[in-house]
Each structure stands twice: as structure tokens, then as C-alpha cells.
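Data block below; observations after.
This structure is a prediction, so every number in the text was calculated from the model and none was measured.
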Amino acid sequence: MRNALVSAENLQLTLKSDFSSEEQEKCSSKHGEFAVMLSPWFLCRNEDLKEMLESNKESLKLEAMKRIVGLIAKGKNASELFPAVVKNVASKNIELKKLVYVYLVRYAEEQQDLALLSISTFQRALKDPNQLIRASALRVLSSIRVPIIVPIMMLAIKEAATDLSPYVRKTAAHAIQKLFSLDPDQKEHLIEVIEKLLKDKSTLVAGSVVMAFEEVCPDRIDLIHKNYRKLCNLLVDVEEWGQVVIIHMLTRYARTQFVSPWREDAVFDENSEKAFYDSEEERRVDQSKPYIMDPDHRLLLRNTKPLLQSRNTAVVMAVSQLYWHLSPKHELSIITKSLVRLLRSHREVQYIVLQNIATMSIQRKGMFEPFMKSFYVRSTDATHIKTLKLEILTNLANEANISTILREFQTYVKSQDKAFAAATIQAIGCCATNISEVTDTCLNGLVLLLSNRDETVVAESVVVIKKLLQTQPSQHSDIIKHMAKLFDNITVRDGVIHINLTLDVFGEHCLFRWPRPSPMRRTLSNFRSSTLLDRTRFIRQLIVPNEKSGALSKYARRILMAPKPAPVLQSAFKDRDRFQLGTLSHTLNSQASGYLELSDWPAVAPDQSVRNVEVVEPAGAPALSKSKPAKSNEKIMQHNYSLNYYLPPQIIQKTLNIMTKYILIHIVLSISSPFFVNCMCSLLHLCVFLACQFDAVSWPVRVSLQASSPVFVPETSHELLHRMTGKGLSAQYRFTRQPCIYGNSMVSLQLTLSNRTDQALENIHISEKSSTGQNIHRFNAIERLEPQASVTVSMGVDFNDSTQTANFQLCTKEDEFSVSIQPAVGELLLPITMSEADFTKEQGKLVGMNESSATITITPENVSSQSVNRKVVSVANLGVIPSGQENIYRFAGKTVSSGSLVLVSVALKDPDAMITINTEKTVMGSMLLRQVKTAVQGM
């Protein structure tokens, strides 16, 4: 200890010496007396952070925010920096803006006035292209607890609930709870948003919206009907804490919609799903038939069972309570191993799990009896854990294992933990009460404990013995006499009092006279207190009649000498099953705020058709079954071509392309006219759907993207086959950078084949077999190539927007040669043209993970617009975008296979150059950045 104090003092002196006298003086003059209470170093550190936040350099601001967030993580108060931080909320740096929003979420509620000044900035951020910024802005907005902005919050939540990003919709669900706590009058409007979000199919949103449902309208079970089966099926893929919320909600739902599975005539079929497909007539079950589990009930049990293997203890506990409250009794055993496994966790987890097991073990002893050794007390267990294990061992005790349990208890009584030893004695008393065969054995053991040196053990033994004697006082006179002889040796007050009560109440049952004054008199002579004197006066007025005595003295004997019922020794968890397992109310054994009680099983199951979801077919889609044939083609056309879609031009073009292929097939097959028209209507809807799926990302994009001719076409050829390897046949290829005529997703290549032998080569072709999965359009076979002659052919390869090598066999009549083509990433692009405004707009959408950038040093003398453009287009097939800004050069293109946008910008800042690549193809973006960086550096 002394060494530690000396080290601390030395450290303090070192810090003081590092802090100059001028800085101390400056701090003192600035903060006055407050500087005495706070460390000067801490105050001046805040001043440094403020200066960094007000700096013009983004790097300093970013570093300051990282330090501030670090202080918050350590529990430090950084609220006084709020004005300096909130100024940076409109920063264009994405990383800085994220950290600012993290800070604002923490302190917006404390600094409401300052936060309100920036509310317009938060509203603009709700339209930001980056999903993280939109979500953070909504989170900050909902953290400002001011009633005046409730309409703004409601509008923001409604817009976020329809956002394309599931992360933003998840944040909207979280904001619903905050708004409801701020203004409960908005409940009806919030329920509309919850109903919409409940239909969301994203697993990221499911848990959050159910949590909002539980907070705002837990009684609106009707909102769950149509979403019940979807939630059951999504449950495995939802994040862990969302699983906990959904499971608890579905437990309450099941208790209102299904009948009890605990009937003796119940019939269970683990794989029964017949009712899902039965007709209404087949579903009607006669009341005299035995109970059959509802398929939706079975669906819930089956889909939650795998979660018993979850690594999250809360999920395992939630599934366990669901099975306890909903499953048939014979299926309860599957949760036992999972609960016992949780006992290896931290003591906080053990405490909750043991409490729930203690409640279960009262009603279902057989569940945990095979794992009785798991509840043996360890020396490293905390006292509250030991007490709960004692409770469970007492509940598991029966005639078969009581001897083993009592041997354990004998060891526990000797523990140095006095509270645990006392609890063990109480447990022995409970065992003696519950199992009559060991009552005498337990009493004799407790009597032996009266000679223990530990007064706490003796006192607790006396208390338990007194309770046991009340059950059969006449049969234990020897024990009463033994207790009287030990009276003078007991000094603990509780033990003395209970011995007095035992001797005075049960003394009449044994032939024994006290050799000295009665124990009660000797006890009273030792206790002197005002409370005792007051009680004595009260009893005297009751039992000694006088003029002031009332009618109550007549009944003194009946009041004081009335026989008292024998005490019942029972578990403290006997009545806790009135609360749902795993809840705070169950842990506290008292109803907590917000607790929702489980309803009783309904006598008759409600209509299960409310959970059926209607499949909405597109307008005009013909039925596949039970439909009458069309009477005329005209009616079919009128009915089926009423499409009210808005389709972008690229979707219409793709739809027509697909339609054309299938129409040709139908014409060739000569399909009959009515059936042909009917199929065409269905096919039209299918093609529209497929086209929309292919171009789902580009739907919101209304920017005009026009293809352009390549700016630069390299003449360099690459060797495909050397003449030595090809036995005189050589081949070279180059990328033409033109749209491929063989397919829109293919890269166009030009091959030059040469015969370097003295003999003609015949049947030169590409083999049908390809070692990789690329789609290759082969050139037509060359029947004959004369000696020393050359021929040029074209082919197409779909590289799937990847630089993976395309391997194939180049063959002649006699030989086969394995060759490969590996494209540079820049050759997988096609140039496009757009306006500068459209370029900036699209670039703003492709940020965050979709953006790659690098800074390089260049020589200003060698830099010009022509040189930059030439270097960039030499390595990538991109179009040059006109730029109105000096020293900023922009290029645009799209990937050949998927059509994904690729944007390149080069910003020159003497003597550095900032290269930025924006594309959703992140791998291609990083590879392209390296190639462009190398090219620009070579200027």
C-alpha cells in the first residue's frame, strides 16, 4: 500500500512539472475559483479540442471528434463542447459527420436549446444520399425532447418508414418509441406507421418494429394476425435482441389464439401441416374429437427450437419461457440441457437462470433431476448463487435422492459463509417437512448442531427446530429437554427468544421441572427497553381486570392462549409462477411497470383464417386452376392488357427484348389463339417483373446516361499463343473497346491468328468446353489457313465484371492448346457521357463503402488537361465529362456486364492530386484506383 501511494505521489509531481506555470496561470485566470476544483490539464485539454474543432483543416476536426467520442466512451462529461461540435454538423466529410451525430445523440436531450438551432440541418440530412447520415439525423431529431417539434418528428418518421434502406427503417421504428413517450396523443398516427413496418420483410427491421409495437399498442393483437407466419419464419435470421422481443410477443399472442395443449386427450404430430392446405369443410373438427395442435402453434414451436443453441443467453431464456408457457408437457425436457448450459456463464446470468429453474423445479421436478449435480454448490460461488442452488436442490429432493442431498447439506453447514450456512439449515428443515421419512433424521441432525461453536448456526437451528416441533410436539419431549439444558449457552437474541417460545409452548408435553427460575423470567430480566415496557403495560391491562378494563379482558385467555397453526415450510418461489418467466417482475417477485400478463388459454380457438395472407396477383393475371376458358380473344385482351405501371425506358426495352424471344418460340410451336393470348398476358407480367428485378437499382435514377465512343483505343496486342507452344500457330488479341455485337454483357476482342509453318492448318476453332464459367462467343471455324498467312477474327467474352481469367482451348484439326485471357479492370468498362450536374448528383449517391480515394504527389510542370485525360483513358475505357472547374477532371463509364456506374475524378491541389473512384463494384473500384494512381504518377 505504501509503495502504491509513493508511486501515485510521484506521478502527480510529474504531471505538475509537465504543466508549465504560465499555462496554470492562464487556466486560473480564465476559470477563476472553478479551476481549483477541476484539473487544469482537463480544462485546457477542452480548450485544445475547441480550437481543433474550429480549425479549417478537416484532419484536425476529425481527430478532435475521435478524442471526444473516446471521452464519452470512458464516461467523461463532454457536454461543454456541444457548441463547438454542433457547428460541424453540416460538414461534407462523411466520417466527421458520423462522429458528430454520435456526439449529438448523446447530448441532444441535455442541450435542447442549442440542438434546436440546428434542426434545419437535421431535416436536410434526412434527404442525404448516405443511409448512415439519414439514420443518424433521425436519431438525433428524436432525441430532442421538446414538444414543439413533435409534428416535425412525426413527418420524419413517416418518411423514414418508407425509406429504401432497411437500416433507416429500423431507426424509424426506434424513433416511434421516443415520440410516443414524448407525446402519447400521437398514438393513432404511430400505429399506422407500425402497421406498415410490420409488413416489412427485412430481418433488420422486424425486431425493432415489434419492440415499438410492444411499447405503443401491445393490445392490438389484430396487427399481428397477417404477419404471424412471416415473423415465425424470419425469427432465425433476426438479430439476437430482436429475437428476444419477438419471442416474448409471440408468447403472448399464442396464449390468446390457441387452445391449451395440456389436455390429457391431446394428439400431437410434429410434422403436421395439413391444415395449411385443407379446405374450409375439411378444417371443421367435431367437438367430440380429441385435441389436435393447431399448425400455427406447431410452427412457432418448431421455428424457435433451433434458437436453444444460440450463443446469446437472453435468446435461450426467451425460448425456454416460450416452451414453458406454450408447449405440451412431454416436450418440456428439450429446454433442460440448454438452461443447464447457461450455468457456465457469468454470475449475473447464473442468478437469472437459477431463479427461473427454481420456479420450474417446483412443478416439474423430473426435468432437472438428471442434472442434479450441476446444482451442487462450489466454493467460488457467490452467496446469492449458493442460496438459489440450495433452493433448487430442496425442490428436487425426494425419497430416492434425499440421502445424497443431506450429505451435501452436512458439508454446506460447515461453510465459513454464515448466511449460506443459515440458509442450509433452513433447507434441511424444508426437506424434513416435505419428506416425512427423513423428518426424525433431520431433527436429530439439527439437535446436534445446537452444540456447534458458531452462534449463528445454533440460533438458526433453534428456529428451524421450533417450527418442526410445532407439527408433532408430543413426540419430541427429549429434544425439548435438551434445548432447555442448552439455554444458558446461547447468546444470540433470535435463538434465545425461540427457545423461550419453544419451552413455554411445548413444556407441558414433557414431564420436566425447571431447577431454577423459568427461562422466560430470566430472559425478561436481561432485556430492558421502552418497547418491552409498553408491551408489558398493554398485556397487564388485558389480563388483570380493573375498573378501567373493558370487555376485551373477558377474552384474554382466548386471545393469548389460542392454539396456533403449525408453520408451513415452503419454497420462496412457490407463487412466482404467476409472473411470466424471464421477466423483471418474476425476478423481483413483484409486478414491475410495463409488465404484460399472460392471458389464460381460450376455451375455444379463435378463427385461424385471420392469419391467412391473400396473395395479390397482378391485374389481369389469369388463374391457373378453376378458371373457365375465355370466350373470345377480344375479352381476354381487354381484361389482361390493362397495365397501370410506370416503366422507365430501359425497363420497357428489356421487357420487349424478353417478349420478342418468347413470342418467336410460341409462333414456332403454333399455339392455339386463345391460349396464346392468355399466356402472353401472363408472360408480359412475368417479363415486367423480371426486368424490374434486373434494373431495381437503376429505377430511382432518372439521369440521362448516353453511351459514347471510346476516347482512346490502344493498339497494343497481347500474346495468346506463342508459335513454339502452338506448333507454328500463333495468336494475339487486343481489346477493341467497342460494344460487342454478340451480346450487351460481353467484352469485344479481336484475335489475329498466324500460321508460321510450311504447311496449311485446318479447322482452327475454339473448343466447346471451357474450364471456367464465362460465357464465350466463339468465332466461326477457319477451314484452312495457308502457310505464313494471317487472319483476323472477333469474339466476345462475358467476364461478369471480374478480372478472373477466361480459359479455353484453341484447336486445330490435329491439336488442342490451352490459352487464357485476363482483362485489365479498365477494359471491363464502356464510356458514357453526362452533364457535370448529373455527375455530381450520382457521385453523391456512391459514397461511404462505394468510394475509394488516394492522394499522390505529382510534378506541376508536367500537368495539363490533355495529359491527365490521356493518362486516365489509356488505362480505362471511360468517357470524359466536361468540367467547369479548374484542376478537376471527371470521367464516367459503366461496367459491361451489369451496367453499374463508375465515376472517376482527379482533383489537382499543388503539389498533390486527389483521385476518387465511386462505384458500387467496390472490388473493381479499388483495382481501378491502383491503375489510375500509377498512370497519373507517371506524368
Side-chain angles (χ1 to χ4, degrees), residues 12 15-16 18-126 128 130 132-146 148-149 152-153 156 171 174-175 178 182 848:
Q12 187 177 7
L15 289 175
K16 287 183 178 179
D18 292 341
F19 200 78
S20 67
S21 59
E22 293 180 0
E23 291 173 331
Q24 293 180 15
E25 210 172 295
K26 179 181 176 182
C27 248
S28 300
S29 62
K30 208 168 198 180
H31 301 281
E33 296 179 357
F34 189 65
V36 177
M37 295 181 289
L38 290 178
S39 166
W41 172 75
F42 181 76
L43 287 174
C44 289
R45 181 178 59 179
N46 281 355
E47 292 299 325
D48 292 342
L49 291 175
K50 288 180 182 178
E51 292 178 3
M52 293 172 69
L53 290 171
E54 294 172 357
S55 171
N56 294 328
K57 295 184 177 180
E58 296 289 338
S59 58
L60 288 178
K61 293 181 179 180
L62 188 61
E63 180 64 25
M65 285 308 305
K66 289 179 179 178
R67 295 182 185 180
I68 293 171
V69 173
L71 290 175
I72 296 174
K74 295 177 181 178
K76 305 292 184 181
N77 184 9
S79 58
E80 64 179 42
L81 296 170
F82 194 92
V85 173
V86 78
K87 292 178 184 177
N88 296 281
V89 72
S91 172
K92 294 182 180 180
N93 188 308
I94 299 298
E95 297 301 322
L96 177 60
K97 188 179 289 189
K98 290 178 186 177
L99 294 175
V100 170
Y101 276 116
V102 170
Y103 178 91
L104 293 178
V105 170
R106 170 64 180 83
Y107 288 109
E109 189 169 353
E110 298 179 11
Q111 304 282 346
Q112 295 178 356
D113 296 336
L114 291 174
L116 284 174
L117 296 177
S118 305
I119 196 169
S120 59
T121 306
F122 302 148
Q123 288 180 281
R124 287 196 301 271
L126 292 172
D128 194 277
N130 191 309
L132 297 178
I133 301 300
R134 297 199 300 273
S136 298
L138 179 60
R139 193 178 293 114
V140 174
L141 197 62
S142 60
S143 299
I144 304 175
R145 314 288 291 168
V146 180
I148 195 173
I149 68 167
I152 299 176
M153 289 175 59
T171 307
H174 291 165
K178 296 181 181 179
L182 179 62

Distance in Å, [X] [atom1] paired with [Y] [atom2], rounded so as to fall on 0.5 Å steps:
{"X": "Lys98", "Y": "Ile133", "atom1": "NZ", "atom2": "CD1", "answer": "6.5 Å"}
{"X": "Phe122", "Y": "Ile152", "atom1": "CZ", "atom2": "CD1", "answer": "11.5 Å"}
{"X": "Tyr103", "Y": "Leu71", "atom1": "OH", "atom2": "CG", "answer": "10.0 Å"}
{"X": "Met52", "Y": "Leu62", "atom1": "CE", "atom2": "CG", "answer": "9.5 Å"}
{"X": "Met153", "Y": "Leu141", "atom1": "CE", "atom2": "CG", "answer": "6.0 Å"}
{"X": "Lys178", "Y": "Leu138", "atom1": "NZ", "atom2": "CG", "answer": "8.5 Å"}

Next on the checklist: Is any side-chain heavy atom of Val89 closer than 4.5 Å to one of Tyr101?
Outcome noted: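 With C-beta onward as the side chain, the pair touches.
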
Item to check | Stepwise side chain to side chain contact (heavy atoms under 4.5 Å, CB included) check, Asp128 with Arg134 | outcome: CA-CA 6 Å; Asp128 194 277; Arg134 297 199 300 273; 4.2 Å; yes

Minimum heavy-atom distance [X]-[Y], with the two atoms named:
{"X": "Leu81", "Y": "Lys50", "value": "CD2-CG, 3.5 Å"}
{"X": "Leu53", "Y": "Lys61", "value": "O-CE, 3.3 Å"}
{"X": "Leu182", "Y": "Ile144", "value": "CD2-O, 4.4 Å"}
{"X": "Asn88", "Y": "Ala84", "value": "ND2-O, 3.0 Å"}
{"X": "Val105", "Y": "Ser143", "value": "O-OG, 4.1 Å"}
{"X": "Val85", "Y": "Val100", "value": "O-CG1, 3.9 Å"}

Checklist entry - Can we say Lys66 and Glu63 salt-bridge, meaning some charged N sits less than 4.0 Å from an Asp/Glu carboxylate O? => result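 No, no charged N to carboxylate O under 4.0 Å.
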
Checklist entry - With no hydrogens and no angle check, is any side-chain donor or acceptor of Lys97 less than 3.5 Å from a backbone partner on Ser91? => result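 Flag set: sc Lys97 to bb Ser91 pair under 3.5 Å.
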
Checklist entry - Counting only N and O atoms by type, is there a donor-acceptor contact under 3.5 Å from the side chain of Tyr107 to the main-chain atoms of Phe82? => result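 Judged by distance alone, no pair lies under 3.5 Å.
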
